Novice: 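Would you mind keeping the following structure in view while I ask a few things?
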2 protein chains.
Amino acid sequence: MTVPTGRRERKKAATRQKIADTALRLFLERGYDAVGIRDVAAEADVAVTTLFAHFTSKEALVFEQDHDFEQRLAHAVSAREPGEPLIPALRHEILALVRHCTAEGSAPIWRMIDASPALRQYEETMRLRHAESLAEAIAADPDLDRTAMACRTIARFVIDAHSLAREAADPDAAVDEIFRMIEGAWDAADVRAAANS
Amino acid sequence: MTVPTGRRERKKAATRQKIADTALRLFLERGYDAVGIRDVAAEADVAVTTLFAHFTSKEALVFEQDHDFEQRLAHAVSAREPGEPLIPALRHEILALVRHCTAEGSAPIWRMIDASPALRQYEETMRLRHAESLAEAIAADPDLDRTAMACRTIARFVIDAHSLAREAADPDAAVDEIFRMIEGAWDAADVRAAANS
DNA sequence: ACAGTAACACTAACCGTTAGTTTTTTGGAA
DNA sequence: TTCCAAAAAACTAACGGTTAGTGTTACTGT
C-alpha cells in the first residue's frame, strides 16, 4: 500500500508553512495589496506554481484557520452532553471564536482582512461553506427533529452571529443579544411547540 | 446651464444596454466562463475600456437588477401603512422577489449563477450590502425601537431568507417556514416583551 | 538498486482590470 | 453657422492572479 512514512510529508508541510508564514509577514509589513504573489514566492524561495499547489488562491494564504473553524462548529454540535440543548452550546462556541478573532494576537490580521475587499469577499464564501457544514451537523442529530430547512436556516443565523459580533464594539454583548434572537427563531421552528400553543 | 438634454444620455444608456444584452446572450449561449471580456466587447462593438466604464466587473454584467433589489427592500420597510407590522411586510416582499427569481424567464440566468463560483461570490458581496441597507431602513423607523444590533441582525436573517428560499424545492413553503423563525427572532429582540415575561 | 511517483521548478501564456493618452461626439454659446 | 469645453469612447500597453505544459529532483516501497 501507499501510506508514505514521514519525510516527504514533513517536507511538504514545511514548505507549506514557510509559504504561509512568509506571506502573512509580508502582508502585515507592506499591506495585502502591495504584496504580489511573485513577491511571496520569491521571499519563500519557491516557484509561483509551487505556491499555488499548496494554496488555491492568494486569499487562501490568509485564511489558514478556515478548516479548524468549520470543524469546531460541527464538533460543538455533535459532542454535546446527552440532553444538552443546541443553541447554548453553539452560543458558547461562537463566543470563543469571536474572542479569538478579537484577541490581541489576531487583531492585526482581521484589521487587514476588513481593509481588503478581496479578503472580505473570500471570507463571505467561506461563511457559506461553514453554514452548510453546520447545517448538516445539526440535521444529523437525532434528538433535534426539525426540518432540513430549519436546520439550514438556523445554521445561517449562527454564522451571521459570528460575522456581526466579530465587528461589534462589544463582541460579548453582541453574542448575547443575537443569540437571544436565534433562540427565538429556533423555538419558532419547533412544530410540536407550535401545535401546543 | 449644465442640464444636458436627452441625446447624450440616451446614447450612453443605449451603449450600456447593448453591452449588457450582448453579454447576457453570450453567457447563456456559451457559458459564463467560456466567454471573455474581450469577446463581449468585440461582439458589442465597443472597446474593453468602455465596457469597464459602464460595469465595474465582469460579474456586474449579470447582476443588473442589483439596485432595484436593494431599493425594493428598503421601500417595503419605509412605505408601510401606519401600524402595519414589519415582519409580514418583509415576508411579502421577499416572497415576491423569490418568485421573480424562480419564474420561467429568470430561471436560466439563476442556473448560470449557481453554476459559477465567481458569480456566487459576487452575489454574496451584494447580499452584505443589501443587508446593511435594509438594516438602516429598519433602524430609521421610529415605531420600532429595537437596538441597532437587533436591526442589523434581523436584516441579515431576511436576506438569508431570500438566499435559502431561492434555492429551495418549494420556495413558497420555504419563505413561510423561514419567516416563522424570523418572527420568533424579532419578538425575542423586543426588550419590553422580555421584561413582561 | 530500481522504478514509480510526489513535490517542485521553469516558461509562457490567459484573463480580468486599470492607467495614460488620444480621438470622436455632443451641447451650448458666440 | 462656427467654435469651444466637456463627455464618451477608443487605443495602447501594461499589471497581477492564475493555469497549462513540461521537465527535474527527491523520496518511497519493492
Side-chain angles (χ1 to χ4, degrees), chain A residues 1-20 22-24 26-27 30-63 112-113 116-123 125, chain B residues 1-20 22-24 26-27 30-63 112-113 116-123 125:
Chain A
M1 282 298 277
T2 46
V3 181
T5 41
R7 185 164 339 179
R8 190 175 267 175
E9 282 178 347
R10 262 184 291 122
K11 287 211 173 185
K12 183 174 183 179
T15 302
R16 181 191 165 89
Q17 199 57 41
K18 187 176 185 184
I19 294 170
T22 305
L24 203 54
L26 292 184
F27 289 160
R30 309 181 204 165
Y32 180 76
D33 289 328
V35 178
I37 284 290
R38 289 159 178 92
D39 298 331
V40 176
E43 184 89 4
D45 200 29
V46 296
V48 172
T49 45
T50 300
L51 188 154
F52 279 108
H54 286 274
F55 298 91
T56 56
S57 69
K58 186 187 181 186
E59 294 90 45
L61 286 166
V62 177
F63 292 98
M112 176 179 81
I113 292 168
S116 160
L119 288 174
R120 291 188 79 105
Q121 195 158 349
Y122 188 84
E123 193 200 352
T125 303
Chain B
M1 286 294 274
T2 47
V3 180
T5 41
R7 183 164 347 186
R8 189 174 269 178
E9 284 176 347
R10 261 184 292 122
K11 287 214 172 186
K12 184 174 181 179
T15 302
R16 181 192 165 88
Q17 199 58 42
K18 187 175 183 183
I19 294 170
T22 305
L24 203 53
L26 292 184
F27 290 160
R30 309 180 202 165
Y32 181 76
D33 290 327
V35 178
I37 285 289
R38 289 160 179 92
D39 298 330
V40 176
E43 184 88 4
D45 199 29
V46 295
V48 171
T49 45
T50 301
L51 188 155
F52 279 108
H54 287 275
F55 299 91
T56 56
S57 70
K58 186 187 181 186
E59 294 88 43
L61 287 165
V62 176
F63 292 99
M112 177 180 81
I113 292 168
S116 159
L119 289 174
R120 291 189 80 105
Q121 195 158 349
Y122 188 84
E123 193 200 352
T125 303

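In the text below, chain A, chain B and the rest are named by the order of the sequence lines, each starting its count at 1. Since this is a predicted model, take the numbers as computed values, not measurements.
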Novice: Side chains of A:Val40 and A:Phe27: closer than 4.5 Å at any heavy-atom pair?
Specialist: yes

Novice: Taking only distance into account, with no hydrogens and no angle test, what donor-acceptor pairs under 3.5 Å do side-chain atoms of residues 10-18 of chain B form with protein atoms, sequence neighbours excluded?
Specialist:
| unit_1 | atom_1 | unit_2 | atom_2 | d |
| --- | --- | --- | --- | --- |
| B:Thr15 | OG1 | B:Lys11 | O | 3.0 |
| B:Arg16 | NE | B:Glu64 | OE2 | 3.4 |
| B:Arg16 | NH1 | B:His54 | O | 3.0 |
| B:Arg16 | NH2 | B:Glu64 | OE2 | 3.1 |
| B:Gln17 | NE2 | B:Asp21 | OD1 | 3.1 |

Novice: Taking only the side-chain nitrogens and oxygens of A:His54, find out if one of them lies under 4.0 Å from OP1 or OP2 of C:dC8.
Specialist: yes

Novice: For residues 45-52 of chain A, tabulate all N or O donor-acceptor pairs below 3.5 Å that involve a side-chain atom, not counting sequence neighbours.
Specialist:
none

Novice: Examine C:dT26: is either OP1 or OP2 under 4.0 Å from a nitrogen or oxygen in the side chain of B:Lys11? Give yes or no.
Specialist: yes

Novice: So, for A:Ala60 and A:Thr56, which heavy atoms are closest and what is the spacing to 0.1 Å?
Specialist: CB-OG1, 3.9 Å

Novice: Return the minimal non-hydrogen interatomic distance between B:Ile19 and B:Leu61, and the atom names on each side.
Specialist: CG2-CD2, 3.8 Å

Novice: Within this structure, what is the NZ-CD1 distance for the pair A:Lys58 and A:Ile37, rounded to the nearest 0.5 Å?
Specialist: 6.0 Å

Novice: Rounded to the nearest 0.5 Å, how far apart are CZ of B:Phe63 and OG of B:Ser57?
Specialist: 9.5 Å

Novice: Using a distance-only criterion (donor-acceptor N/O pair, under 3.5 Å, no hydrogens), is the base of D:dT28 paired with the side chain of A:Arg8?
Specialist: no

Novice: Let me test you: for the helix from C:dA1-D:dT30 to C:dA30-D:dT1, what is the angle between the axes at its two ends (five pairs each), rounded to 10 degrees?
Specialist: 10°

Novice: Would you please name every residue forming a side-chain hydrogen bond (donor to acceptor under 3.5 Å, both in side chains) with B:Tyr32, sequence neighbours left out?
Specialist: B:Glu59

Novice: Looking at every non-hydrogen atom in both residues, tell me the closest pair between A:Leu26 and A:Val35 and how far apart they are.
Specialist: O-CG2, 3.5 Å

Novice: Assign a letter to each nucleotide of nucleotides 10-17 of chain C from its 5' end: B, base within under 4.0 Å of a protein heavy atom; S, sugar-phosphate only; -, no contact.
Specialist: BB-B-SBB

Novice: Base, sugar-phosphate, or nothing: which does B:Asp45 touch, judged by heavy atoms less than 4.0 Å apart?
Specialist: sugar-phosphate

Novice: Output the rounded distance in Å from CZ (A:Arg16) to P (C:dA6).
Specialist: 18 Å

Novice: Without decimals, in angstroms, what is the distance between B:Lys12 NZ and D:dA7 P?
Specialist: 10 Å

Novice: Check the distance between D:dA8's P and B:Arg10's CZ and give it to me in whole angstrom.
Specialist: 14 Å

Novice: Provide, to the nearest angstrom, the distance between the CD1 atom belonging to A:Ile19 and the P atom belonging to D:dG17.
Specialist: 15 Å

Novice: Dump the pairs, protein N or O against N or O of nucleotides 23-25 of chain D, anything under 3.5 Å, distances to one decimal.
Specialist:
none

